[in-house]
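The shown structure was predicted, so the numbers you read here are calculated from the model rather than taken from an experiment. Remember, it's 1-based here, ligands and their atoms both numbered in the order they're listed.
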Amino acid sequence: MYRIGQEEINAVANAINEKSLFKVNDKLQYAKKAEEKMCSLMGAKYGILMTSGHAALEAALVAAGIGPGDEVIVPAYTYIATAMAVVAAGAIPVICDINDTLTLDPAAFEAKITKNTKAVMPVHIQGFPCKMDEICDIAKKHNIVVIEDACQADGAKYKGKRLGTWGDAGAYSFNFFKIITAGEGGGLVTDNREIFENSLIYHDSSAIAYFGKQMEDFKATSFCGKEYRTNDISAAILDAQFDRLDGIIADLKKNQMALREKLAPYCTFAPSNDIEGDLGTTIAIAFETEEAARKFATYEGVKCGLPIDTGKHVYTNWSCIMEKRGALNPLMDPFKFEANKDIVPNYTHDMCKKSLDILSRNVYVAINPDWTKQELEERANALIAGLKA
Ligand SMILES: *Cc1c(COP(=O)(O)O)cnc(C)c1O
């Protein structure tokens, strides 16, 4: 969360004054407006606001027809929700190495493809763009669905096109820790009508009743889904947050680029697939060894962290995935499904050693869009002192 204030207060006050709390009301106001805004901002045909990013990922997978018997490739470095969404769809996550960009390695992804692979989930972690053209080309060649996890990349781009709109579907998160927020929240975008209609049904058990009437060309048949609908208060907040998004990104980029320029003589940055499109929340500095990375991160005044220490973002800490506990009831556990019996991998601590090495040799510098010139200067000086030490 970076900026929130009077606009959001006004939006919530309006929603309450108008008694517009439920997404699906006769006026269909804030949620509809915010969904349309999300679509036009991102450049997507269809968009659905949901309760979380996880919900949007799960809905996209289910809507794309992913389920038992299917392998879904996920990177070794992402929030555990990416892998959990795969299990929620009844499929099996296959964990794949990242490269020096800290995002999915296209070559490693291609090497993991089997006859059972049905989808890949590139994750734009920290707003670092994945190499989407190459990933989409590989996926197309092998007839694999691409579900982008853009939960840490609301508004970021690759080659000028918003992340989340490269694949068959994309998911955003608006939880408190993301660049824009409603406290909790998520969004799905897609240009694919079938994914859109099935997601609509999956995320809202009454979808047909409410939306079927309004969309004469609605073709999908209803099935038992979940209840992941947003509410109009959250949507009102997001409507205001979407208006701030490009301003926040512009200020993040300005400070990120200014800081990179100051640090450049003293360090090596992790390579980027597209530094222009990168969200600007983070600068990753790459070191030769973990020892050098830790020495810098703990130097007085540096106050930075290593991605290897970020808990549930590293596959080795995904305990319920690694230990294959896919559900409380064993009969509902995809790891125990008959359809999955030949595809459940042997998850080991060392299976993505290359990723662990990369995550141990990088240090993250967080960017603030609201730094004054002097604050940026002070931050640069503290970091340079640590790099020179
Ligand atoms: C935050 C996040 C999610 C899930 O978002 P929620 O809205 O908390 O469900 C998924 N993937 C990644 C990479 C995330 O950072």
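- Residue contact annotation: G185 has a non-hydrogen atom under 4.0 Å from ligand 1.
- Using modelled atom types, one finds a donor on one side chain and an acceptor on the other under 3.5 Å when comparing H124 with E148.
- Shortest contact from atom 2 (C) of ligand 1 to any protein heavy atom: K178 NZ, 2.8 Å.
- Side-chain N or O atoms of R162 include none that pairs as donor or acceptor with a backbone N or O of A156 at under 3.5 Å.
- Seen from the ring of F335, R325 does not count as a face-on cation partner, given the 6.0 Å and 45° thresholds.
- Partner Q126 forms a side chain to side chain donor-acceptor pair (under 3.5 Å) with one of T310, T282, T103 and no other, that one being T282.
- Crowding of N143 atom CG: a count of heavy atoms from other residues, nucleotides or ligands under 6.0 Å not exceeding 12.
- The nearest heavy-atom contact from the protein to atom 9 (O) of ligand 1 is H54 N, 2.9 Å.
- Checking only distances, F174 never comes within under 3.5 Å of ligand 1, N or O to N or O.
- Side-chain atoms of S20 and Q29 include a donor-acceptor pair closer than 3.5 Å.
- Of the protein's heavy atoms, D149 OD2, 2.7 Å lies nearest to atom 11 (N) of ligand 1.
- Remark: minimum distance from atom 5 (O) of ligand 1 to any protein heavy atom is reached at S173 OG, 3.3 Å.
- Under 4.0 angstrom from ligand 1, the non-hydrogen atoms of C151 all belong to its side chain.
- In terms of protein heavy-atom proximity, atom 8 (O) of ligand 1 is nearest to N175 ND2, 2.9 Å.
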